[in-house]
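Start at 1 with the first residue, then count along the sequence.
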Amino acid sequence: MMLDQLKETIKTALPELDFVMGWTTGYDPLHATPLYMYEPDDVDQLIWGPLNVHNLAVHLPALRHKKVGIVVKGCDSRSVVELLQENLIDRENVVIFGAPCNGVVDMTKIRKAVPDAHFARSVETADNSLTITTDKDTHTLSLAEVMADKCTRCRFPNAVEADHFVGEKRIPAVETDPYADLESFESQGFAERRDFWMAEMDRCIRCYACRNACPLCVCRDHCVAQSREPHWVSQRDGVRDKFMFQVIHAIHMAGRCTECGECERACPMDIPVLLLKRKLGNVIHDLFDYDAGLDAEARPPLLAFKLEEDSIKEKDW
């Protein structure tokens, strides 16, 4: 069984590490939570499956001076690669344990399908389904029904970089990102798109969960949203200020965002902020033929400088 192999692999490597990060069952059987494995007994609590929604790479920069292991899905591994590219972590201090991912769930979709999901008593997962037993009933959902949108367009179900890979590699859901969601949104007129974002930003509570969950949003105490010098964004609760922060966040992530979707998953208001990052990612892809988080040796295009970019012919304008 793949999970058993993964546990044995971690136990073998654990003596050389400070600890290994993975997932375990959280405050109820439906919510996984990060697991820090220091001892072999800790490893026995590890779980693997569609409930492992968090991207644990967000913790790596703060652990830079420790030698740690991390269990990754394909999207998580892209974040690790991007952190390596930006010299925010040291490769020799990180041991990557990868396994094939069949997709993770979207808790918002589950809550819509199972209104009493907050009272889940047990959850059984299979390759293509999820069975949730609550106080009132038992619900069997297809994984496709409640899968996170990012997983439906996943090109990297296997870790793109791993020291230890366990299990049989999966075939990607798609070969190229169709950006169908983006195309559909942009087919609307300007007024419709503006009204959409104004309505979405009006719901934002400025909790910054989107920022805090992002593995590549590393400004932290120097974040433009809270800085007083320069004071780019006020703390007023207006739509313009909230949208200003999201636009700045998206631009900061241009060419760096691996589209792991943590910003959107962490949003308590279900605001589709990943759409902004995907727009910038699409622009970067078209301009530089570049996708973030695939090659630890590559340099993100906006972190490099050329007198003239191959795809931007300024002298011809």
Side-chain angles (χ1 to χ4, degrees), residues 2-3 22-35 46-56 71 73-76 99-157 170-174 177-185 196-197 199-205 207 209-210 212-214 259-278:
M2 192 209 76
L3 179 58
W23 301 268
T24 191
T25 303
Y27 63 90
D28 73 15
L30 192 55
H31 293 84
T33 192
L35 170 69
L46 181 70
I47 62 172
W48 177 266
L51 301 181
N52 296 356
V53 296
H54 305 86
N55 184 348
L56 303 174
V71 185
K73 309 181 292 289
C75 51
D76 307 336
C101 176
N102 198 29
V104 297
V105 298
D106 181 328
M107 288 299 171
T108 299
K109 292 181 180 178
I110 287 182
R111 286 194 293 271
K112 288 180 180 177
V114 183
D116 56 340
H118 292 298
F119 301 101
R121 297 303 176 198
S122 68
V123 177
E124 295 181 13
T125 60
D127 275 354
N128 299 307
S129 66
L130 194 74
T131 300
I132 303 172
T133 300
T134 68
D135 285 344
K136 298 178 180 177
D137 209 346
T138 296
H139 309 261
T140 297
L141 309 170
S142 70
L143 184 56
E145 185 183 351
V146 294
M147 183 181 288
D149 289 343
K150 66 173 183 176
C151 301
T152 64
R153 51 178 180 261
C154 179
R155 292 175 292 156
F156 307 98
R170 293 189 186 277
I171 299 174
V174 296
D177 193 330
Y179 287 110
D181 56 331
L182 191 59
E183 293 172 5
S184 174
F185 180 76
F196 171 84
W197 280 119
E200 291 295 330
M201 289 300 120
D202 193 37
R203 297 193 298 114
C204 174
I205 58 175
C207 65
C210 54
N212 297 343
C214 175
E259 300 184 11
C260 69
E262 282 292 274
C263 52
E264 195 164 296
R265 178 196 64 77
C267 178
M269 303 306 292
D270 291 328
I271 298 172
V273 288
L274 180 59
L275 191 62
L276 293 170
K277 281 82 172 183
R278 282 175 55 72

**Item:** Derivation and outcome, side chain to side chain contact (heavy atoms under 4.5 Å, CB included), residues N128 and N102
**Value:** CA-CA 8 Å; N128 299 307; N102 198 29; 4.0 Å; yes

Mind listing the closest non-hydrogen atom pair of [X] and [Y] along with its distance?
X	Y	value
G261	L274	CA-CD2, 4.0 Å
A173	C151	CB-O, 4.1 Å
P268	A209	CD-CB, 4.3 Å
I271	M201	CG2-CE, 3.8 Å
P272	W197	O-CH2, 3.4 Å
I110	A117	CG2-CB, 4.1 Å

**Asked** Is the number of heavy atoms from other residues, nucleotides or ligands under 6.0 Å of E145 CD greater than 12?
**Response** yes

**Item:** More than 12 heavy atoms of other groups within 6.0 Å of F119 CZ
**Value:** no

Separation between [atom1] of [X] and [atom2] of [Y], rounded to the nearest 0.5 Å:
X	Y	atom1	atom2	value
R265	H54	CZ	NE2	4.5 Å
T134	L30	OG1	CG	11.0 Å
K150	E262	NZ	CD	6.0 Å
W23	L46	CH2	CG	8.0 Å
T25	I47	OG1	CD1	4.0 Å
T125	W48	OG1	CH2	12.0 Å

Kindly say whether [Y] contributes a backbone atom to a donor-acceptor pair with the side chain of [X] at under 3.5 angstrom?
X	Y	answer
K109	A148	no
R203	M269	yes
T152	D149	yes
K73	V104	no

**Derivation and outcome, side chain to side chain contact (heavy atoms under 4.5 Å, CB included), residues L141 and I132** = CA-CA 8 Å; L141 309 170; I132 303 172; 4.2 Å; yes

**Asked** Below 4.0 angstrom, N of the basic side chain to O of the carboxylate: do K277 and E259 qualify?
**Response** no

Within a strict 4.5 Å, meaning less than it, do heavy atoms of the [X] and [Y] side chains meet?
X	Y	value
P29	R121	no
L275	D181	yes
T24	T33	yes

**Request:** For side chain to side chain contact (heavy atoms under 4.5 Å, CB included), just list the numbers for D270 and E200, CA-CA rounded to whole Å, side-chain angles, deciding distance to a tenth of an Å, and then say yes or no.
**Result:** CA-CA 9 Å; D270 291 328; E200 291 295 330; over 6 Å; no

